[in-house]
Amino acid sequence: MQKKERYNELVEYFSTNYPEAETELNYSNPYELLVAVILSAQCTDKRVNIVTEKLFPRFPTPESLAASTADEVFEYIRSVSYPNNKAKHLVGMARILVNDFNSEVPNTIEDLQKMPGVGRKTANVIVSVIFNQPAMAVDTHVFRVSHRLGLVPKTAKTPLLVEKQLIKHIPKDKIAVAHHWLILHGRYICVARTPKCGECNLKPFCQAYEKQKFDTPHL
DNA sequence: ATCCCGAGGG
DNA sequence: CCCTCTGGAT
């Protein structure tokens with residue numbers, strides 16, 4: 001199957017089955033989403049939501065977070081991965097937000113990446129979810145699923161290369177929702193260790209499944 | 001033992 | 001390019 005067909009099938013399938021896929025992180029404003037996404041690195045959304053339930057009431061604004069210390073923030077986030085780094089990042093992020101951006105979450109990935117803890121993936125999530133820009137954040141799920149399905153060439157060995165490929169081939173008005181499609185598919189079906197191909201409706205369009213069938217015909 | 005919506009530093 | 005950070009779930 002050609003790549004263009006795979007993309008068409010993907011958009012067709014997910015548009016029908018997950019028309020309104022969105023993030024599973026809890027948040028009620030741009031600042032909270034920024035905090036939640038920083039916390040989500042190498043950590044499940046479920047765990048992040050447990051932490052932010054108490055973190056947000058204590059630090060409801062960029063000002064309140066900027067006025068705190070990494071040590072205090074650490075106590076609230078100790079159960080996520082890399083709590084030390086993230087505590088420092090969160091306070092540093094809030095201080096730049098207050099000092100350089102008038103406490104408003106900026107709307108370009110360039111400005112967003114000026115803040116500690118905000119890399120390209122986090123910045124892309126913010127401009128996509130908050131500012132409705134056609135940006136594709138490539139995390140571990142998007143990276144893995146894109147390669148397995150055969151949406152990107154094997155030579156796309158970095159998140160940035162995968163991002164450029166996906167942006168190029170997915171219709172502009174579907175890019176934001178497609179990000180969440182790939183996340184959900186990666187989280188619940190096309191999981192890292194033992195993908196649940198038996199439950200997957202994308203089998204007919206999946207390069208990895210094709211190859212597996214060819215290598216082990218008894219399947 | 002491996003993975004979870006990565007980022008920073010060398 | 002590599003390494004480190006580093007808790008919880010499976």
Side-chain angles (χ1 to χ4, degrees), chain A residues 14 18 20-27 30 32-55 70-71 73-97 105 109-131 133 135-149 151-152 155-163 166-167 170 175-196 199 208:
Chain A
F14 283 116
Y18 303 99
E20 292 174 40
E22 58 184 357
T23 180
E24 294 183 351
L25 292 169
N26 295 335
Y27 70 100
E32 287 190 357
L33 181 63
L34 183 53
V35 171
V37 178
I38 289 173
L39 289 174
S40 73
Q42 294 297 300
C43 185
T44 59
D45 284 3
K46 250 180 214 174
R47 173 59 47 186
V48 173
N49 288 336
I50 291 172
V51 160
T52 54
E53 190 177 349
K54 290 183 178 175
L55 184 71
D71 285 344
V73 175
F74 176 86
E75 295 306 321
Y76 284 82
I77 67 168
R78 57 161 69 241
S79 73
V80 302
S81 45
Y82 317 137
N84 263 308
N85 285 346
K86 288 173 181 175
K88 289 175 198 162
H89 290 160
L90 287 179
V91 174
M93 176 277 282
R95 289 178 182 168
I96 292 182
L97 209 50
V105 174
I109 65 170
E110 290 77 18
D111 279 345
L112 284 160
Q113 286 189 261
K114 289 174 183 168
M115 297 186 279
V118 183
R120 189 175 182 90
K121 178 251 159 179
T122 299
N124 273 325
V125 170
I126 299 298
V127 298
S128 171
V129 174
I130 301 296
F131 299 107
Q133 294 175 30
M136 174 61 71
V138 177
D139 57 43
T140 177
H141 294 306
V142 174
F143 190 88
R144 180 182 67 250
V145 172
S146 296
H147 276 289
R148 281 192 183 154
L149 285 173
L151 297 175
V152 301
T155 51
K157 290 186 176 175
T158 68
L160 182 58
L161 289 172
V162 170
E163 176 188 328
L166 294 175
I167 290 284
I170 297 173
I175 289 176
V177 69
H179 164 71
H180 296 297
W181 290 341
L182 296 172
I183 298 268
L184 291 177
H185 189 61
R187 184 177 298 160
Y188 298 114
I189 303 289
C190 198
V191 296
R193 287 178 248 203
T194 312
K196 302 174 181 175
E199 304 173 30

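Each chain gets a letter, A, B and so on, in the order the sequences are listed, and its residues count up from 1.
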For atom [atom1] of [X] and atom [atom2] of [N], their distance in whole Å:
| X | N | atom1 | atom2 | value |
| --- | --- | --- | --- | --- |
| A:Ile109 | B:dA7 | CD1 | C1' | 15 Å |
| A:Tyr188 | B:dC4 | OH | P | 13 Å |
| A:Ile126 | B:dC5 | CD1 | P | 16 Å |
| A:Lys114 | B:dA7 | NZ | C1' | 18 Å |
| A:Asn49 | B:dC5 | CG | P | 11 Å |
| A:Tyr27 | B:dC5 | OH | P | 17 Å |
| A:Arg144 | B:dG6 | CZ | C1' | 15 Å |
| A:Lys88 | C:dC5 | NZ | P | 11 Å |

Using atom [atom1] in both nucleotides, what's the gap between [N] and [M] to the nearest angstrom?
| N | M | atom1 | value |
| --- | --- | --- | --- |
| C:dT6 | B:dA1 | C1' | 16 Å |
| C:dT4 | B:dC5 | P | 24 Å |
| C:dC3 | B:dT2 | P | 16 Å |

> Does any donor-acceptor pair link the side chain of A:Ser40 with the base of B:dC4 at a separation under 3.5 Å?
Replying inline: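 No.
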> Mind checking what makes ring-ring contact (aromatic ring centres under 6.0 Å, His included) contact with A:Tyr82, not counting sequence neighbours?
Replying inline: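 Expected list: none.
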> Should A:Leu112 and A:Val105 be marked as a side-chain contact (heavy atoms from CB on, under 4.5 Å) after you check the CA-CA gap, both sets of side-chain angles, and the distance that decides it?
Replying inline: CA-CA 8 Å; A:Leu112 284 160; A:Val105 174; 3.9 Å; yes
> Residues two or more places apart in sequence or in another chain: which of them pass side chain to side chain contact (heavy atoms under 4.5 Å, CB included) with A:Ile50?
Replying inline: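 For A:Ile50 the side chain to side chain contact (heavy atoms under 4.5 Å, CB included) partners, ignoring immediate neighbours, are A:Arg47.
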> Residues in side chain to side chain contact (heavy atoms under 4.5 Å, CB included) with A:Glu53, at least two apart?
Replying inline: none
Please tabulate, one pair per line, each protein N/O and nucleotide N/O from nucleotides 7-10 of chain C that are separated by under 3.5 Å, including the distance.
{"unit_1": "C:dG7", "atom_1": "O4'", "unit_2": "A:Val80", "atom_2": "O", "d": "3.2"}
{"unit_1": "C:dG8", "atom_1": "O3'", "unit_2": "A:Arg47", "atom_2": "NH2", "d": "3.1"}
{"unit_1": "C:dA9", "atom_1": "OP1", "unit_2": "A:Arg47", "atom_2": "NH2", "d": "3.1"}
{"unit_1": "C:dT10", "atom_1": "O2", "unit_2": "A:Arg193", "atom_2": "NH1", "d": "3.3"}

>> Using the side-chain heavy atoms of A:Thr122, tell me which of these nucleotides is nearest: B:dC4, B:dC5, B:dA7.
In response: B:dA7
>> Hydrogens and angles aside, do A:Arg144 and A:His141 bring a side-chain donor and acceptor to less than 3.5 Å of each other?
In response: yes
> Atom CZ in A:Arg187, atom NZ in A:Lys46: separation rounded to 0.5 Å?
Replying inline: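 Going from CZ on A:Arg187 over to NZ on A:Lys46, the span is 9.0 Å.
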Output one line per pair: protein atom, nucleotide atom from nucleotides 8-10 of chain B, and distance, for all N/O pairs under 3.5 Å.
{"unit_1": "B:dG8", "atom_1": "OP1", "unit_2": "A:Gly117", "atom_2": "N", "d": "2.7"}

> Would you say a side-chain N or O of A:Asn85 is under 4.0 Å from OP1 or OP2 of C:dT6?
Replying inline: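 Answer is no, no contact under 4.0 Å.
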>> Assess the residue pair A:Leu34 and A:Met115 against the criterion (side-chain contact (heavy atoms from CB on, under 4.5 Å)); give the C-alpha distance rounded to whole Å, side-chain angles, the decisive distance to 0.1 Å, and a yes or no.
In response: CA-CA 11 Å; A:Leu34 183 53; A:Met115 297 186 279; 3.9 Å; yes
> Quick one: salt bridge (Lys or Arg N to Asp or Glu O under 4.0 Å) partners of A:Lys157, sequence neighbours excluded?
Replying inline: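 By the salt bridge (Lys or Arg N to Asp or Glu O under 4.0 Å) rule, A:Lys157 matches no residue at all.
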>> For A:Val191 versus A:Tyr188, what's the shortest heavy-atom pair and its separation?
In response: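 Nearest heavy atoms, A:Val191 then A:Tyr188: CG1-C, 4.1 Å.
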